K.L.:
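The structure under discussion is supplied below as structure tokens; questions concerning it will follow.
Here the structure is a predicted model, which is why all the values come from computation and not from measurement.
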Number of protein chains: 2
Amino acid sequence: MAIVGSQPNVKQRRQRTLLDLIARAPIGSQDELVELLHQRGFEVTQATVSRDAAELGLVKVPRADRHIYATAEAAATGNAYDTRLRRLLEDIPVRIGRSGLSLVLVATPGSAGAIAQAIDQSSLTDQVGTLAGDNTLLVLFETEAALERWLVRFMTFQPSDESALPSGRPSPAASRVANSEAPR
Amino acid sequence: MAIVGSQPNVKQRRQRTLLDLIARAPIGSQDELVELLHQRGFEVTQATVSRDAAELGLVKVPRADRHIYATAEAAATGNAYDTRLRRLLEDIPVRIGRSGLSLVLVATPGSAGAIAQAIDQSSLTDQVGTLAGDNTLLVLFETEAALERWLVRFMTFQPSDESALPSGRPSPAASRVANSEAPR
DNA sequence: CGGTCCAGTGAATAGTCATGCAAGTCCGCT
DNA sequence: AGCGGACTTGCATGACTATTCACTGGACCG
């Protein structure tokens, strides 16, 4: 057992192949990878693939009804437009307020248009539309549920968390979005 | 449909709390989350947390000897410097060549210094040092193994794959890094 | 009102993954 | 040679996660 060892860099080559494999096709399990590696001449077991995955920092991301492997890098890059939105949100602090069925995003002067466009093109689709002013933009919804759903998704786009919570008032208190009181 | 149940969307609040929880502390399992949600008044089981995690696009990333939950976004953001390097590599195409125990990265005019510095500050540590010219930089290694290790890690930093492979010649043929021949 | 539909959930379980342990290999050193 | 340590891997298994199945309660409808 433990055949190898002779060729010192088998591990490196295997890991490179691994990266290549997950880049080419959606892979759903480590067993699948074992199989593919096998086809390419690497004799390994799931245990080794597990360790390789950890070393390479691979993650399993939920993508369209199933989970697939990706590099941490690729995981954040679903849609190219999503990436654009994420970038914007990293650079521009956005405060979120709420008014009825609209969310009010307050950004920096001149940036509202860019953010609105980024939102429109992103994979965020629960909104009816967006309307941008100079430093403020509205995101309009049809229902309360749509608004809530949107907000939760939107939060995963924001960096850490510097935003205010979407209650009524644009209060000064640093109330975080993810407040967490008891359910009822 | 689903116009928000009666309880003002417990689900949405739970998911927001979930995002908050994983942002605040490293969480290693869904059972852990069940426990924490429980403390905050949400009565759910692991099954539900699993579904929430999928909806929110959460991933479990290998971080320092254990796996923790994070948003896809946060997963790519280990070290701030790592992010910087990733950014650079997204914007600047880098061709990789090799010469002995050195890797030769050829970028765009004037960018070599920035890339070298980004590499120095990143979590890439297997190199002995870097040396930047104008559009070319060298990454020096002590051993073959270190070079190989470094290269594999470096690949996870690159966007998709536009780079050339680290063989001898800076060939024109679009040979991909992740070649995948059989082991021996 | 009964009927139907459907989102949401828990219980149980199948599926998947991580890891302790032991074994094999490759050094380098004496 | 012989020894010891650092690596790497497979095996077996426990840990963890996703999913199937069944149920519930609210919404919608005639």
Side-chain angles (χ1 to χ4, degrees), chain A residues 1-15 18 22 26-38 41-70 126 143-146 148-149 152 183-184, chain B residues 1-15 18 22 26-38 42-70 126 142-146 148-149 152 183-184:
Chain A
M1 59 171 53
I3 321 100
V4 178
S6 51
Q7 291 285 318
N9 40 11
V10 171
K11 179 179 174 184
Q12 260 74 30
R13 292 201 290 149
R14 184 185 63 234
Q15 293 189 341
L18 216 44
I22 66 171
I27 311 282
S29 77
Q30 297 183 353
D31 282 340
E32 223 172 307
L33 282 170
V34 169
E35 173 59 26
L36 290 169
L37 285 174
H38 201 88
F42 294 94
E43 290 289 344
V44 287
T45 62
Q46 173 268 325
T48 297
V49 171
S50 172
R51 287 185 268 248
D52 283 345
E55 278 180 39
L56 295 172
L58 302 187
V59 297
K60 213 176 171 184
V61 325
R63 266 292 160 68
D65 101 345
R66 85 154 164 306
H67 291 64
I68 64 173
Y69 278 94
D126 287 320
T143 66
E144 171 77 16
E148 294 286 354
R149 217 177 311 130
V152 173
R184 66 177 44 94
Chain B
M1 62 157 74
I3 292 297
V4 162
S6 50
Q7 314 293 295
N9 25 21
V10 174
K11 180 179 174 184
Q12 257 76 26
R13 290 201 291 148
R14 184 186 61 236
Q15 294 190 341
L18 216 44
I22 65 170
I27 311 283
S29 78
Q30 297 182 352
D31 281 339
E32 221 172 308
L33 282 171
V34 168
E35 174 58 27
L36 290 170
L37 285 173
H38 201 87
F42 294 93
E43 289 289 343
V44 287
T45 62
Q46 173 268 326
T48 297
V49 171
S50 172
R51 287 184 271 249
D52 282 346
E55 279 180 39
L56 295 173
L58 301 187
V59 297
K60 212 177 172 183
V61 328
R63 265 293 158 64
D65 102 345
R66 84 149 162 312
H67 291 65
I68 66 174
Y69 278 95
D126 286 319
E142 201 156 288
T143 65
E144 171 78 16
E148 294 287 354
R149 218 177 311 131
V152 172
R184 62 174 50 91

K.L.:
Rounded to the nearest 0.5 Å, how far does CG of Leu56(B) lie from CD1 of Ile22(B)?
P.N.:
7.5 Å
K.L.:
Using salt bridge (Lys or Arg N to Asp or Glu O under 4.0 Å) as the criterion, list what pairs up with Glu35(A), not counting sequence neighbours.
P.N.:
none
K.L.:
Dump every N/O contact between nucleotides 13-16 of chain C and the protein below 3.5 Å, one line per pair.
P.N.:
residue	atom	partner	partner atom	Å
dT16(C)	O3'	Lys60(A)	NZ	3.2

K.L.:
Once you apply a heavy-atom cut-off of 4.0 Å, does Val44(B) come out as touching a base, just sugar-phosphate, or nothing?
P.N.:
sugar-phosphate
K.L.:
Does OP1 or OP2 of dG10(C) have a side-chain N or O of Thr48(B) closer than 4.0 Å?
P.N.:
yes
K.L.:
On a plain distance test, is the side chain of Arg14(B) in donor-acceptor contact with the base of dG8(C) below 3.5 Å?
P.N.:
no
K.L.:
Nearest whole Å is fine: how far is dT17(D) C1' from Leu58(B) CG?
P.N.:
13 Å
K.L.:
Calculate the interatomic distance between Leu33(B) atom CG and dC16(D) atom P; express it in whole Å.
P.N.:
12 Å
K.L.:
What integer distance in Å separates Arg51(A):CZ from dC11(D):P?
P.N.:
11 Å
K.L.:
Using whole Å, what does the distance between atom P of nucleotide dA7(C) and atom CD of Gln15(B) come to?
P.N.:
15 Å
K.L.:
Output the rounded distance in Å from CG (Asp52(A)) to P (dC7(D)).
P.N.:
16 Å
K.L.:
What is the distance from CZ of Phe42(A) to P of dG10(D), rounded to the nearest Å?
P.N.:
13 Å
K.L.:
Please report the distance, rounded to the nearest Å, between NE2 in His38(B) and P in dG10(C).
P.N.:
11 Å
K.L.:
Holding to side chain to side chain contact (heavy atoms under 4.5 Å, CB included), I want the full list of residues that pass it with Gln46(B), two or more places apart in sequence or in another chain.
P.N.:
Gln30(B), Asp31(B), Val34(B), Ser50(B)
K.L.:
List the residues meeting salt bridge (Lys or Arg N to Asp or Glu O under 4.0 Å) with Arg51(B), not counting sequence neighbours, and say none if there are none.
P.N.:
none
K.L.:
Who passes side chain to side chain contact (heavy atoms under 4.5 Å, CB included) against Leu37(A), sequence neighbours left out?
P.N.:
Arg14(A), Thr17(A), Leu18(A), Leu21(A), Phe42(A), Val44(A), Val49(A)
